[in-house]
Asks: 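Below is a structure I'd like to ask you about.
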Amino acid sequence: MYSKNSRSFNEYYLEPDILFTAPSPVHECRLISEEVLMDQKNLISAAPFPASSQLKPGLEQCLSAIHCLPYFIQYLEYCKSVRLLHFMFACDTFADVSERMVGNHGNSVQCDALDIYSRFVSLNSTHAISLPENVRRMIENNISPEDGQVDCRVFEPALLHIRYVLADEHVPKFRRSSYCTSAQLDLCRKEVVLADVLLCETAIAFFMEYLEQRWEVWYKVHSAQYNV
């Protein structure tokens, strides 16, 4: 997402001598030097401003980001909804495998599809996921074709529904949970860039408070120097 040459937020923006430079002999307050401005311009050119913050994860980040996925799984386990992810992972594996199996492997593909159906889709399953009735019937009608050739996309309607449920119900609740806070702390220990802070309401509030405190410290030191 970011250029290898870009410096992290912790490395670049929290260095004490960069944000607030010493006053000039004519007592002019210069917060950022020309060199730093040029460095920032080069940084922006090298790393285009992203559209979202890593500190405010969306569904794709929750499902794939290393710093986020383990905590999202823990959250779903707490909500007793982790079977939604198990279903998604099983369907992804089924689609990948079935695309490589043709001809004589039709029976094997059908058995794999029936296994996923019996574990997650069937109303008799102890791990059944909640699906609209029309989606469930669509899967049932397509899972046992006469020629035995099950389409690798047989579970696609169910996957689309589960992704909607995760994005609409679970991701917003995850963001407000302590699990997301733990994920954010893990990310901050590794790499956070300015865009992550600016695009996250909670982070930018703390960042502004930090800048105000730094300004107060600088102002007090600056005033003390000229009052001695």
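For this chain, numbers begin at 1 and follow the sequence in order.
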Asks: Which atom names give the shortest non-hydrogen contact between Phe72 and Leu63, and what distance separates them?
Replies: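 That would be CE2-CD2, 4.1 Å.
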Asks: Treating Ile, Leu, Val, Met, Phe, Trp and Tyr as nodes and any side-chain heavy-atom pair under 4.5 angstrom as an edge, say whether Phe89 and Leu114 lie in one connected cluster.
Replies: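 Shared cluster, yes.
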Asks: Under a 4.5 Å cut-off applied to non-hydrogen side-chain atoms, are Phe94 and Val154 in contact?
Replies: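 Heavy-atom side-chain distance check passes, below 4.5 Å.
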Asks: Taking all non-hydrogen atoms of both residues into account, name the closest pair between Arg119 and His127 and its distance.
Replies: O-CB, 3.4 Å
Asks: For Phe155 and Ala113, work out which heavy atoms get closest and say how close.
Replies: CZ-O, 3.4 Å
Asks: Are Ile66 and Tyr75 connected, step by step, through hydrophobic side chains (Ile, Leu, Val, Met, Phe, Trp, Tyr) whose heavy atoms are closer than 4.5 Å?
Replies: no
Asks: May I ask you to test the His161-Ile129 pair for a side-chain heavy-atom distance under 4.5 Å?
Replies: no
Asks: Please give me the minimum heavy-atom distance between Met138 and Pro157, naming the atom from each residue.
Replies: SD-CG, 3.5 Å
Asks: How long is the straight-line distance from CD of Gln110 back to OG of Ser98, given to the nearest 0.5 Å?
Replies: 12.5 Å
Asks: Check whether any side-chain heavy atom of Ile116 sits under 4.5 Å from a side-chain heavy atom of Cys91, and report yes or no.
Replies: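 In short, these two side chains touch, coming nearer than 4.5 Å.
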Asks: Could you report the tightest heavy-atom contact between Val171 and Cys62, atom names first, then the distance?
Replies: CG2-SG, 4.3 Å
Asks: Do the ring planes of Tyr78 and Tyr179 sit parallel (below 30°), tilted (30 to 60°) or perpendicular (above 60°)?
Replies: tilted
Asks: Does the pair Phe174 and Cys68 meet the rule for a side chain to side chain contact (heavy atoms under 4.5 Å, CB included), with working shown?
Replies: CA-CA 10 Å; Phe174 170 70; Cys68 194; 3.7 Å; yes
Asks: Salt bridge between Arg137 and Glu133, side-chain N to carboxylate O under 4.0 Å?
Replies: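 Salt bridge between Arg137 and Glu133, a charged N being under 4.0 Å from a carboxylate O: yes.
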Asks: Quick check on the hydrophobic clustering: are Leu84 and Leu160 connected, directly or via other members, by side-chain heavy-atom contacts under 4.5 Å?
Replies: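 Looking at the clustering, Leu160 is in a separate group from Leu84.
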Asks: Going from CD1 on Ile139 to OG on Ser122, what distance comes out if it is rounded to the nearest 0.5 angstrom?
Replies: 11.0 Å
Asks: Counting N and O atoms only, with roles assigned by atom type, does the side chain of Arg83 sit under 3.5 Å from a partner on the main chain of Ala128, one being a donor and the other an acceptor?
Replies: yes
Asks: Walk me through whether Ile162 and Phe120 qualify under side chain to side chain contact (heavy atoms under 4.5 Å, CB included).
Replies: CA-CA 12 Å; Ile162 295 303; Phe120 300 106; over 6 Å; no
Asks: State the OG-OH distance between Ser125 and Tyr117, to the nearest 0.5 angstrom.
Replies: 10.0 Å
Asks: With a 4.5 Å cut-off on side-chain heavy-atom distances among I, L, V, M, F, W and Y, is there a chain of contacts connecting Val135 to Leu159?
Replies: yes
Asks: Measuring only between side-chain heavy atoms, which start at C-beta, is Asp151 closer than 4.5 Å to Asn142?
Replies: no
Asks: Do Thr181 and Tyr71 touch side chain to side chain, with heavy atoms closer than 4.5 Å?
Replies: no
Asks: So do the side chains of Asp112 and Thr93 get within less than 4.5 Å of each other, counting heavy atoms only?
Replies: no
Asks: Could you report the tightest heavy-atom contact between Ala167 and Leu59, atom names first, then the distance?
Replies: CB-CD2, 4.0 Å
Asks: Output the distance between atom NE2 (His170) and atom SG (Cys79), rounded to the nearest 0.5 Å.
Replies: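 Taking NE2 in His170 and SG in Cys79, the distance rounds to 6.5 Å.
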